[in-house]
*Asks:* 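The structure that follows is given in the form of structure tokens.
The chain is numbered in sequence order, starting from 1. If you're wondering where the values come from, they're calculated on a predicted model, not measured in any experiment. Counting starts at 1 for both ligands and their atoms, in listed order.
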Amino acid sequence: MSDEKRPALPTRVWRSIFRTPLTPGSERERKRVVLDHLVLHLRPVRVPNRTLPFTHTFGLGGMSAVLVLLLILSGVLLMFVYEPSPERAYGSILRLRDEVRFGGFVRGIHHWSANLLVIVVFLHLLRTFFTGAFHGARQFNWVIGVLLLLGVVASNFTGYLLPWDQLSYWAITIVTGMLGYVPLAGEWLQSTARAGTEIGASTLILFYTLHTTVLPVLLVAFMAFHFWRVRKVRGVVVPYAYDEAPEEKPATTLFVPDLLAREFSVSLILTAAVLVTALLFAAGLGAPANPGMSPNPAKAPWYFLGVQELLLHFHPLFAVVLVPLAGIVGLLAIPYLKYDAEISGPWFLTLRGRDTARTAALVAFGATLVWVLVDEFVLDFGRWLPWLPGQVSEGLIPVTIGFGLLAGLLAWLKRSTGATKNEIVQAAFAAITTAFLVLTATGIWFRGQGMALTWPWRV
Ligand code: HEM
């Protein structure tokens with residue numbers, strides 16, 4: 001074959017790995033069988049053709065796994081330099097940044113992968129929810145997923161303290177302080193999380209051990225179980241058009257190479273993106289921790305700012321205990337609610353499902369914004385109803401109003417569109433998620449000194 005007629009080099013490499021017909025009994029065939037067996041313990045042998053397009057899953061589950069891998073690799077490298085004691089932790093990060101070759105780069109990879117992982121896992125949760133991937137045999141895998149999400153947040157949170165700068169010290173002080181609001185067990189929970197009454201050497205050792213040993217081992221074990229459950233149900237849910245019925249026996253293709261090649265490409269692009277980001281933007285480091293001087297504003301890590309925002313509007317018992325607890329229980333309960341039908345595959349169930357979810361999200365967006373503003377400048381149930389205990393005037397009453405508004409919205413959607421139970425649950429989920437995102441964004445960008453509302457851009 002002349003050079004002009006040969007395919008491009010990447011295509012040839014690709015084909016040589018995945019497409020070359022193998023001679024039976026050859027060494028290459030043996031290697032391929034070993035590779036297949038390794039991969040196929042965790043992934044299905046055949047997958048439905050219709051699940052291949054990128055826009056069905058956006059590769060989010062695989063991306064989460066790649067980020068976990070990057071975190072483990074970069075984390076092990078960081079452990080060679082990091083010293084978990086209040087006297088030496090900050091200095092070891094400085095040394096990593098200024099003296100160790102590629103130290104800042106490795107720290108950047110760890111930092112950006114960790115933050116991206118929270119976002120990607122959350123998007124993966126949205127994808128699995130909005131394609132109805134939690135029914136039937138997938139019910140329990142959703143529960144494993146929720147545990148993975150909690151594990152990812154816990155890993156991030158325990159790592160937050162390690163640099164021992166002002167930001168990390170005070171963020172952990174705030175969040176562990178929130179535990180004090182839990183009725184009866186509050187004090188015990190707070191001192192357990194801090195390994196003492198104050199944040200100090202024992203807290204750092206506790207967080208370091210959880211972050212570098214306990215949580216990674218649990219995450220990897222749960223991830224393996226999560227993958228295996230996907231394999232057991234022969235891959236992800238199969239999409240179909242709104243005006244079609246699901247296929248009884250969808251056409252399938254081999255996981256190796258058809259899906260593996262796609263997953264491999266996404267992994268390479270993601271890894272490259274993280275490396276470039278780590279090269280261009282260093283992970284931040286503030287002044288060394290000073291237990292005697294709190295920064296203003298003192299904020300929790302960004303993924304907890306939705307909860308910190310709730311604390312500005314509701315009594316602590318509701319803001320940091322009951323509402324977050326209801327959120328986690330609600331997430332775990334999603335697969336076990338009673339539905340009209342088990343619809344899995346198409347995004348947003350049906351055309352009407354898509355419209356009701358969009359309407360619910362838009363209304364929740366507007367209503368949460370209005371609530372944040374009105375509560376900041378007008379509402380003051382505590383002052384208006386001074387004879388009631390704070391749990392009622394600043395907790396039960398506003399939370400009941402909030403959920404009452406949500407119930408009203410869902411009832412209106414049901415009456416005006418004739419939505420099914422599945423579509424109503426989906427609309428409720430869309431509304432609650434949107435409200436949570438608005439609260440988180442408010443906490444990140446619109447809270448300044450003294451946690452007052454501010455405009456983040458200078459005008
Ligand atoms: C470290 C965190 C996680 C990792 C590494 C992970 C990984 C994966 C992978 C690779 C898949 C198959 C392909 C794909 O959907 O992209 C998958 C499917 C699935 N994941 Fe996750 N996941 C994680 C967290 C979660 C969370 C937070 C949830 C939801 C609460 C969840 C629920 C599911 C479900 C229900 C499926 C089956 C999807 C289907 O059948 O269409 N996962 N996960």
*Asks:* With heavy-atom distances below 4.0 Å as the criterion, list the atoms of ligand 1 near Val237.
*Replies:* 39 (C), 40 (O), 41 (O)
*Asks:* Over 60° means perpendicular and under 30° means parallel, so classify the ring planes of Trp228 and Phe225, tilted if in between.
*Replies:*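 Ring orientation of Phe225 relative to Trp228: parallel.
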*Asks:* Among all protein non-hydrogen atoms, which one is nearest to atom 13 (C) of ligand 1, and what is the separation to 0.1 Å?
*Replies:* Val236 CG1, 3.7 Å
*Asks:* Taking Lys414 first and then Glu423, would you say they form a salt bridge - that is, a charged N and a carboxylate O separated by under 4.0 Å?
*Replies:*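 Judged by the 4.0 Å cut-off on N to carboxylate O distance, Lys414 and Glu423 do not form a salt bridge.
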*Asks:* Ignoring hydrogens and geometry beyond distance, is a side-chain donor-acceptor pair present between Thr203 and Arg194 at under 3.5 Å?
*Replies:* no
*Asks:* Counting from 1, what ligand 1 atoms have a heavy atom of Ala65 closer than 4.0 Å?
*Replies:* 5 (C)
*Asks:* Side chain, backbone, both or neither: which applies to Thr128 and ligand 1 if a contact is any heavy-atom pair less than 4.0 Å apart?
*Replies:*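 Side chain only.
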*Asks:* Quick one: look up the protein heavy atom nearest atom 6 (C) of ligand 1 and list residue, atom name and how far away it is.
*Replies:* His226 CD2, 3.4 Å
*Asks:* Can you tell me which portion of Phe134 lies within the under-4.0 Å heavy-atom range of ligand 1? Options are side chain, backbone, both, or neither.
*Replies:* neither
*Asks:* Does the plane of the ring in Phe314 sit parallel, tilted or perpendicular to the ring in Trp371? Use 30° and 60° as the thresholds.
*Replies:* tilted
*Asks:* Apply side chain to side chain donor-acceptor pair (under 3.5 Å) to residues Thr131 and Arg127 and explain how you reach the verdict.
*Replies:* CA-CA 6 Å; Thr131 54; Arg127 184 306 267 172; 3.0 Å; yes
*Asks:* Kindly identify the option in Ala137, Ser344, Gly145 whose heavy atom sits closest to atom 27 (C) of ligand 1.
*Replies:*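 Minimum heavy-atom distance to atom 27 (C) of ligand 1 goes to Gly145.
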*Asks:* Is there a side chain to side chain donor-acceptor pair (under 3.5 Å) between Arg352 and Thr417 once you walk through the steps?
*Replies:* CA-CA 8 Å; Arg352 183 178 52 199; Thr417 64; 5.1 Å; no
*Asks:* At a non-hydrogen distance cut-off of under 4.0 Å, which region of Leu148 contacts ligand 1 (side chain, backbone, both, or neither)?
*Replies:* side chain
*Asks:* Please write down residue, atom name and distance for the protein heavy atom closest to atom 16 (O) of ligand 1.
*Replies:* Gly61 N, 3.0 Å
*Asks:* Ring-plane angle category for Phe130 and Phe348, please: parallel below 30°, perpendicular beyond 60°, tilted otherwise.
*Replies:*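 Phe130 and Phe348: tilted rings.
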*Asks:* Please state whether Thr131 comes within less than 4.0 angstrom of ligand 1, counting heavy atoms only.
*Replies:* no
*Asks:* So if I count the atoms of ligand 1 from 1 in the order they appear, which ones are less than 4.0 Å from some heavy atom of Arg127?
*Replies:*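 So the answer, numbered in order with elements, is 14 (C), 15 (O), 38 (C), 39 (C), 41 (O).
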*Asks:* Pull out every atom of ligand 1 sitting under 4.0 Å from any heavy atom of Leu149, numbered as shown with elements.
*Replies:*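 In order of number, 27 (C).
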*Asks:* Do Thr356 and Gln426 pair up side chain to side chain, a donor and an acceptor below 3.5 Å, judged on atom types alone?
*Replies:* no
*Asks:* If the plane angle is over 60° it's perpendicular, under 30° parallel, otherwise tilted; pick one for Tyr339 and Phe134.
*Replies:*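 Judged by the thresholds at 30° and 60°, the geometry between Tyr339 and Phe134 is tilted.
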*Asks:* Would you say Ser64 and ligand 1 have an N/O pair spaced under 3.5 Å apart?
*Replies:* no
*Asks:* May I ask you to list the atoms of ligand 1 that are less than 4.0 angstrom from any heavy atom of Val121?
*Replies:* 2 (C), 27 (C)
*Asks:* For atom 23 (C) of ligand 1, what's the nearest protein heavy-atom neighbour? Residue, atom name and distance, please.
*Replies:* His124 CD2, 3.5 Å
*Asks:* Just checking, is any N or O donor in the side chain of His313 or Glu309 under 3.5 Å from an acceptor N or O on the other one?
*Replies:*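 Glu309 and His313 do have a side-chain donor-acceptor pair below 3.5 Å.
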*Asks:* For atom 37 (C) of ligand 1, which of Val152, Val230, Val143 has the closest heavy atom?
*Replies:* Val230
*Asks:* Closest non-hydrogen protein atom to atom 35 (C) of ligand 1, residue and atom name please, with distance?
*Replies:*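 For this ligand atom, the closest protein heavy atom is Ala133 O, 3.1 Å.
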*Asks:* Considering only heavy atoms of Arg138, which atoms of ligand 1 have at least one such atom less than 4.0 Å away?
*Replies:*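 Ligand 1 atoms under the 4.0 Å threshold to Arg138: 39 (C), 40 (O).
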*Asks:* Report yes if the distance between the aromatic ring centroids of Phe157 and Phe304 is under 6.0 Å, otherwise no.
*Replies:*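 Yes, they do, as the ring centres are separated by less than 6.0 Å.
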